[in-house]
Amino acid sequence: MTTQQQASETKTTLETRAAAAQEVGIKRLFANDPARFTDFSASAAGLLLDYSKTAIDATTRAALFALAEEAEVEAKRDSMFAGKRINITENRSVLHVALRAEPADGYRADGDPVSAEVMDVLNAMANFSTKVRNGEITGSGGDLITDVVNIGIGGSDLGPVMATLALAPYHDGPRTHFVSNVDGAHLADTLKGLEPKTTLFIIASKTFTTIETMTNAETARQWIVSALGEAAVGDHFAAVSTALDKVDAFGIASDRIFGFWEWVGGRYSIWSAIGLPLMLAIGPDNFRAFLSGAREIDQHFKSAPMDQNLPILLGLVGYWHRAMMDYPTRAIIPYDQRLSRFPAYLQQLDMESNGKGVGLDGKLVPISGPVVWGEPGTNGQHAFFQLIHQGTEIIPIEFLVGARAHEGSGMAMHQTLLLANCLAQSEALMKGRSLDEARQQLLEAGKSADDAERIAPHRVFSGNRPSVTILYAKLDPKTLGALIALYEHRVFVEAQLFGINAFDQWGVELGKELANNLVPVVTGEASADDRDASTKGLVAAIQSLRSA
Ligand SMILES: O=P(O)(O)OC[C@H]1O[C@](O)(CO)[C@@H](O)[C@@H]1O
C-alpha cells in the first residue's frame, strides 16, 4: 500500500469512527469493556492520564496512532530535541527542553552545545535569588527586599504568575506581584502599599521592545527615582531578556541582567530567567525540582511507545475532539484552586502556538487548534457547567486534580469534597440521565404524573460528553513542572497533526502596528479622517468624553 493509500485509509477509518461515536456514544464503551479504565489510561512522571471517558475505542486509537505515524510525529519530535531549526518562518531551533536538562543530555542549538550557558544563567539566578532572600542584596538604603514586582506580558508574565500561585505553599521569600497591562490601573494598584526602599522590579521582556512592558518599566523607574533618587535605580531593578544591548540602555547593571536565547519561545520560557520571580519566591532548590519534573516528561516523551506516551496520547485525544468530532473548544478545569491561572497560561501556550491558518507548506489549512478556556472547579459548577451538561455544543473537558492537599487533616473534608465533585462531574458528563430516569425521580419526589411529564424533559442529561482526567498526588514543584511540560509537548503533537508551525506568532503583529499609528490620533495630534467610519466615530466619541 502506498503512503497516500495508507493516509487515505486512516482518514476514512477516523471519519467512520467519528460517525459511529456520535451514535454509539461513550456509555456503551464502558458497558462493553469492564477494563476500559485500564485500557485507556497511562501514567508517567507522577501523572495519571485517564482518557477512558472519551469515545475513543481500540479501532479509533489504532487509526490515531497510524495518523501520528503518517504525520511523522516521533521523527519531528526527535528533530526538535536535536535542535534543528524547526521554527521555519523565524529560522530558529526550539529548545526550551534544554532549559531543564542535565548537562549529560547534551542538547545543541543547530549543532552548538547549549548546556554551559544554560547552567551559567541558572547559577547566576540562584546566586542572585539567594542573596535577595537572605538580605545580602538589599535596597539602596540597606533595607531587606520584601516585595518583587515583575513587569512583563504574555510569556513574560503568564508563566510566572501561574507557577507562583500554583506553588504558594512553598513561598518563603519576598512577596511577588505581577504587572502586565499597559492600563495604568495595573501598575498603580500594585504599587499602592509598596515601599520603594524595599521593592525590587524585574523587567521581563524577551525583545525588550514590548510597549506595555517598556511603558510600565519607565513609570516604575520614575517611582523609584522620585522616592530614592537616580542613583537608586541600579539597586531596585533587574532585567530578563535576550536583547542585552537594550537592557543596558535602560541602565540596569550587568550582574542583574539574566539572559535567554532566541531558541526559547516566550510562551515556553518559564524554565528560563523568566522564572526568576518564581525562584525568588520558592528558592533555588524548589525551582530545580520544578525543572526536574519537566525533564522527566521530556525523557518520557522522547522514549515511551505511543500507546504509553502521555504527550502523544493527550495530543491525539485533542486532535480527535477538534478535527474528527469537530468540537471547536476545550475547557481546562483544574479541581485545584492554586491552578486557577493554568487555563489562562494554556490559552497562550495553545492558542498562540496552534491558532494558525497557514500550514508549514504556506498553504491554508482546513483546521487548526481549538479555543482553550477554563476556570477552576468546583466554581465552574456554579457558573457554566449548565451549558457543559445540557447545552447544544459539546465541550471536551480536561480535569486536573491532586489526590492530596497541602492543608492539614483539620481541612480533610475540603479535599474529600473537591475530589468527589471532580469525579462526579466527569461521571455525570459520561452517564447523563435519561427521560425515564428523570420522570421516575420526579414521581418519587411526589410530583403528579402530569407535572413529572411536563418537567422531565428539562431534567434530561444527554451524557456521552467527553472528558479526560489528569490525576497527581499533590501539587508540588516537580508535579507542576511535569504538568506544564506535558501540555507543551501535547501542543507540539497537535501542531504536527495540523501541519502547522507552533513556534511563531505573526498574528500578534497587525494590532501592534495599528496601535502605534493610532496613538497620535487618540491624543488628537493626528486626524482620524483617513480611518474607517467606525474608528473615526469612536475616536470622536472618546475625545468628547475625555474633554467632558
Ligand atoms: O517577552 P516580550 O518580548 O516582551 O514579548 C511578550 C509577549 O508578546 C508576544 O510576542 C506576542 O504576544 C508573545 O509571544 C510574548 O510572550
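Just so you know, residue 1 is the first one in the sequence shown, and it goes up from there. All ligand and atom numbering here is 1-based and tracks the order in the structure.
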Sidechain-backbone polar pair: S241 side chain, K206 backbone, donor-acceptor under 3.5 Å: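 Flag set: sc S241 to bb K206 pair under 3.5 Å.
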If you apply the rule ring-ring contact (aromatic ring centres under 6.0 Å, His included), what do you find for F250 with F237, and how did you get there? CA-CA 10 Å; F250 187 87; F237 281 84; 5.7 Å; yes
Determine, considering heavy atoms only, which of K512, R267, K206 sits nearest to atom 9 (C) of ligand 1.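 That would be K512.
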Atom 7 (C) of ligand 1: which protein heavy atom is closest, and how many Å away?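 Checking every protein heavy atom, the shortest distance to atom 7 (C) of ligand 1 gives I153 O, 3.7 Å.
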If I apply the N/O under 3.5 Å rule, does S156 come out as touching ligand 1?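 N/O-N/O distance below 3.5 Å exists for this pair.
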N or O pair under 3.5 Å between T210 and ligand 1: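 Yes, T210 has an N/O under 3.5 Å of an N/O on ligand 1.
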If the plane angle is over 60° it's perpendicular, under 30° parallel, otherwise tilted; pick one for F290 and F287.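 It falls in the tilted class, 30° to 60°.
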Just say parallel, tilted or perpendicular for the rings of W373 and F384, cut-offs at 30° and 60°.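 Answer is perpendicular, since the angle exceeds 60°.
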For F208, what residues pass the ring pair (Phe, Tyr, Trp, His ring centres under 6.0 Å) criterion, not counting sequence neighbours?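 F208 satisfies ring pair (Phe, Tyr, Trp, His ring centres under 6.0 Å) with no residue once adjacent residues are dropped.
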For ligand 1, does V508 get within less than 4.0 Å through its side chain, its backbone, both, or neither, judged by non-hydrogen atoms? side chain
Per-atom filter on ligand 1: closer than 4.0 angstrom to a heavy atom of G155 are 15 (C), 16 (O)
Residue E352 vicinity, atoms of ligand 1 by number, heavy atom under 4.0 Å: 11 (C), 12 (O), 13 (C), 14 (O)
Could you tell me if the ring centre of Y170 sits under 6.0 Å from that of H406?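 Yes, close enough.
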Under 4.0 Å, counting heavy atoms only: does E212 come that close to any atom of ligand 1? no
